J.: 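Take a look at the following structure, please.
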Amino acid sequence: MSLTPDDIEKIAHLARLGIDKDALEPLAADLSTMLDLVEQLQAVDTEGVEPMAHPANATLLLRDDVVTESDQREALQAPAPATQDGYFLVPRVIE
Amino acid sequence: MHDKTLAEQAALLASGDLSSSDLVEHYLQRIEQHNEALNAYLAIDADAARQAASAADEQRKTGNAGPLTGVPIAHKDIFCTSSMPTTCGSRMLQNFVSPYEAAVVQNMRTAGMVTLGKANMDEFAMGSSNENSFYGPVANPWQTDRVPGGSSGGSAAIVAARLASAATGTDTGGSIRQPAAFCGITGIKPTYGRVSRYGMIAFASSLDQGGPMAQTAEDCALLLQAMAGHDLRDSTCSPAAVPDFSAELNADLKGLRIGVPQEYFAEGLDDGVAARVNEALAVLEGEGAILKPISLPNQGLCIPAYYIIAPAEASSNLSRFDGVRFGHRCENPQDIDDLYTRSRGEGFGPEVKRRILIGAYALSAGYYDAYYKKAQQVRQLVSDDFSNAFAEVDVIAGPTTPTTAFARGAKSDDPVAMYLNDLFTVSANLSGLPALSAPCGFAEGLPVGLQLCAPANQESRLLNVAHRYQSVTDWHRQIPANFA
Amino acid sequence: MTWETVIGLEIHAQLATRSKIFSAASTDFGAAPNTQASAVDLGLPGVLPVVNREVVRMAVRFALATDASITRRSVFARKNYFYPDLPKGYQISQMAFPIVGEGHINITLPDGQQKGIGLTRAHLEEDAGKSVHDLFEGMTGIDLNRAGTPLLEIVSEPDMRSATEAVAYARYMHSLVRYIDICDGNMQEGSFRCDANVSVRPAGSDTLGTRTEIKNLNSFRFLERAIDFEVERQIDILEDGGKVIQETRLYDADRDETRSMRSKEEANDYRYFPDPDLPPLVIDEAFIDAVRETMPELPVARRTRFIDELDIPAADAQALCADRQIADYFEAVFEGRKFAPKLAANWVLGELFARLNKEDVDLADAPVSATLLGDLIARVDDGTLSGKLGKQVFDALWGGEQDVDAVIEARGLKQITDTGAIEAMIDEVIAANPSQLAEYRAGKEKLLSFFVGAVMKASKGKANPAQLNQMLRDKLKA
Ligand SMILES: [Mg+2]
Ligand SMILES: [Zn+2]
């Protein structure tokens, strides 16, 4: 399986990942090698094998419906690059 | 006093022959002296450490100190701290100060430990050499042109160079055990869910597990005791009871069945590593253990399965780093897409980008079944291998890594060659089992690690075997000459 | 060609919990921006979701109310996409294993016909935050208070054949979720939002046409108009030989039309996969049984009981059961009383409803309690009050009076049933109107009402009307 710079551009857009133009070619090569590495999975017979998403047989524990978080806006917004009047700011989004 | 193990330091503190303030001052001095050569610490908070040390000494006087009160520790920079920046080795989080503290950091502080600083690491824990840190590579204290391993390379180098007697690490595919092996220290990846992941920046959520790194198994037992336990803030954290990890350290090994997987001793394993591991197995046999050859037939599929699952989870986990609420934001974004792509493009390094891309690809429409689902099925097969093996044996032993620490730069252009470092370690992450690496000698002047793996929740068994081994060997006592 | 419309609805019902689905922050509406957004809601590094038990209970309630299967091992999945009001870069939802599986309900159409509607699934997910575009120059403000609010997404089969049916279905669901106390149904605040999947096909065809999805319809009127517009649009395209494009459309209420929002749709590849932060949600029988014990009687069963056991006409039973509060109120009116429940139904649907509507008051805020209304009806039933006097008493109660008998006493509203007294008044009226009497006796029977009115007036409205009528007829005959 080999990926082209074009493929890389598409995936990079999906991941909103800026890639320099001249990095596309080497990335395509790297990712193709990575895919070659994982290609051997295709030969494995996994008929009837349950996909394993979590180690062990963990099941979910549930929390009581209680509000314990109070307003911490100031602390939580401290690392934010841009805020105003309590809002996070981003360039105008056109709907 | 830096030549002492953590347990020995704790005993001196308890007897009053040593004060935490003196110990902390000593380490601060050593860090001052040696960190430049290693680049192992990314941040030091000397004032806070001094304050915490004198508070610990005060507490000791009141008579209600715990075994770890006043012992210094370094935290991998993946654990959120509110008093120091948490960078995760990335430009993305340069100057990020977390509004909350990781459960592990809280737990160690509650146990009375003094935080010295934050340890360098591969960016977002992605790497096996610590060359992927935005803040520069870490040197291996045994030979400074060699890598310390990764991703917890800073933590391993700190303990090896005796710039702290303990450090925290995280292990997603071997990131505690591989650097522990490369640096000649002891590190344990606990059972998945044993240690809370709250406040530990996620790489691959179903594989990530925090754990201790120190000189000995005895030290690791003390540290794990403070670190482990149920946490309602992490839905994957196990509610299983936490045993006394030190209780069985000295238990007899007579009759213990140790499985030796033939697949670990195949082509690609360095001769020197093989020799040291076989010698270690012979030592354990001498202690009464019974060696049994076993097979883990799907061992060869671990790396391919891992390099689908881990990047897939990472690609999603790292989506939150988008330049909106925290972290790096590009200059003058033109629109929202420009903000995302440039902030992320600038904030993430090359290996992180590779993994995000391969992960996004593996999950994308049309490829999910062939890659992600297939990898999860293989994960089940790998896990079944262990279940079958543990029906026959109590512990599985083998090399931690195929080679000793390699030269900096030797593999940085070949991601796949780098991935093969994790050949023997990823299976424990895929199956969620506890595994430990302990130093078992040297090959051409570089440390070799012995890996031990046990069934879920049997960390005590691993610590027992390693401690018995360390009772009759002194590899864990060796200190790199330049840091003696 | 005649066309058949095929509609399926996706409804997002906001679950009425105190805290969010994955964090312990409040779900209250209307707080200052980002004051109810915790570290988990903001998707800060290292923090993790923890599931609220109440959302699971609510989903199970919904399953029990819709004859749906409950998935014993359901799985939370991540839906990955970038949007500024989606903090983590993914929405935690459910994909392959939703908590509620196939279900079935029966709705009543406006013409009284019953129709069965299949439910495909219902799954739990978190809401996104809010983008504010008009507050900052050239910038969008992000408020994440709503992020993490629990939603139950209810997906129907494409079983509706007209906008009318779609609205009837949506109204049924709206009533049901409030009935079982899982959603407040407040459509203005976005607690209940509909997306409609609409397609048309030649009548008689059994393959589905290409559908469009109309997003975020937050009133029944908009739902109806958007579907009607969209059906027309699609038929026009097909009759012109064109093709309907599968896409997401928005309803513009001001222009009463739907328009494409393809821009947002572009290259969506959500890369769903099981959320590795959340192990499977396992629900056992004990959990389900515990929820079952708290279930109220459902509207359909209640309506049947009202008709069969209380002798309420079908249309009235339907109206009473449309809302749990109304049905509860109605039952409280006649509970422990001697009068027929039917009488209570007439008062609730008549006088009470008229007044609530006229003054735009919610039942919960009505000044006349069920007990008070019961007291009043008891006095009508035992003959103390005529229906007409009863309404006067009702007025007094609406005005704040709290004791029916005291009102009757103070205002002298007691009905006159003493035959002697009524006879005396009749005699007086007849004596005062000899010419009308003669006309009546000559065959102008219409004049009966003149006499009734006159006697009633003389009694200040208090004469028992039935008695008065009978006695007058007898007297006038003689
Ligand atoms: Mg959805
Ligand atoms: Zn939804």
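By convention in this document, chain letters (A, B, ...) are assigned in the order of the sequence lines, proteins followed by strands, and residues within each chain are numbered from 1. Both backbone and side-chain heavy atoms feed into the values below; hydrogens, waters and symmetry mates do not. The structure presented is a predicted model; accordingly, all values stated were derived computationally and were not measured.
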J.: Go through the atoms of A:V90 and report whether side chain, backbone, both or neither lie under 4.5 Å from a heavy atom of chain C.
T.: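 Looking at A:V90, backbone and side chain both touch chain C.
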
J.: Can any side-chain N or O of A:D65 pair as donor or acceptor with the backbone N or O of C:T17 at less than 3.5 Å?
T.: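 Not at all, since once roles are kept as given, no pair shorter than 3.5 Å links the two residues.
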
J.: Below 4.5 Å, heavy-atom pairs only: which of C:M139, C:E54, C:R73 has the largest tally toward chain A?
T.: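 With the most close heavy-atom pairs to chain A, the winner is C:M139.
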
J.: Select one option (side chain, backbone, both, neither) describing which atoms of C:R57 are under 4.5 Å from chain A's heavy atoms.
T.: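 Contact with chain A involves no heavy atom of C:R57 at all.
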
J.: Sort A:A15 into side chain, backbone, both or neither according to what part of it lies under 4.5 angstrom from a heavy atom of chain C.
T.: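 The answer is the backbone of A:A15.
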
J.: Minimum heavy-atom separation for C:F82 and A:R16, please, with both atom names.
T.: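 Where C:F82 meets A:R16 most closely, the heavy atoms are CD1-CG, 3.3 Å.
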
J.: Non-hydrogen atoms of chain C under 4.5 Å away: do they reach the side chain of A:Q77, the backbone, both or neither?
T.: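 Side chain only.
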
J.: Would you mind checking which part of C:P84 comes under 4.5 Å of any heavy atom in chain A, side chain (CB onward), backbone (N, CA, C, O), both or neither?
T.: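 When you check distances to chain A, only side chain atoms of C:P84 fall under 4.5 Å.
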
J.: Just by distance, do the side chain of C:N34 and the backbone of A:G86 share a donor-acceptor pair under 3.5 Å?
T.: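 Present.
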
J.: Using a 3.5 Å distance criterion without hydrogens, assess whether the side chain of A:R73 forms a donor-acceptor pair with backbone atoms of C:P33.
T.: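 Checking the backbone N and O of C:P33 against the side chain of A:R73, a donor-acceptor pair under 3.5 Å is found.
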
J.: Test C:S19 against A:R63 for side chain to side chain donor-acceptor pair (under 3.5 Å), laying out the working first.
T.: CA-CA 10 Å; C:S19 65; A:R63 162 180 73 75; 3.1 Å; yes

J.: I'd like to check A:Y87 versus C:I142 (side-chain heavy atoms, cut-off strictly below 4.5 Å). Are they in contact?
T.: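 When only atoms from C-beta onward are counted, C:I142 and A:Y87 do not touch, as no gap falls below 4.5 Å.
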
J.: Give, for atom CG of C:L281 and atom CG of A:L61, the distance between the pair rounded to the nearest 0.5 Å.
T.: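 Output value for this atom pair is 11.0 Å.
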
J.: Got a salt bridge between A:D64 and C:R53, using NZ or NE/NH1/NH2 to carboxylate O under 4.0 Å?
T.: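 Looking at C:R53 together with A:D64, the answer is yes, because their closest N to O distance falls below 4.0 Å.
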
J.: Checking heavy atoms, do the side chain of C:S23, its backbone, both or neither come under 4.5 Å from chain A?
T.: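 When you check distances to chain A, only backbone atoms of C:S23 fall under 4.5 Å.
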
J.: Between A:H54 and C:D277, is there a donor-acceptor pair closer than 3.5 Å when you use the side chain of the first and the backbone of the second?
T.: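 Between the backbone of C:D277 and the side chain of A:H54 there is no qualifying donor-acceptor contact (under 3.5 Å).
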
J.: Which one of C:P276, C:P280, C:P279, C:A31 has the most heavy-atom pairs closer than 4.5 Å to chain A?
T.: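 Counting heavy-atom pairs under 4.5 Å, the top option is C:P279.
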
J.: For C:L135, is it the side chain, the backbone, both or neither that has a heavy atom under 4.5 Å from a heavy atom of chain A?
T.: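 When you check distances to chain A, only side chain atoms of C:L135 fall under 4.5 Å.
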
J.: Can you tell me which of C:V40, C:T140, C:L42 forms the most heavy-atom pairs within a distance under 4.5 Å of chain A?
T.: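 Among C:V40, C:T140, C:L42, the one with the most close pairs to chain A is C:T140.
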
J.: Pick one of side chain, backbone, both or neither for C:A37, based on which atoms fall under 4.5 Å of a heavy atom in chain A.
T.: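 The backbone, not the side chain.
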
J.: Does any heavy atom of chain A fall under 4.5 Å from the side chain of C:I21, the backbone, both, or neither of them?
T.: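 The answer is the backbone of C:I21.
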
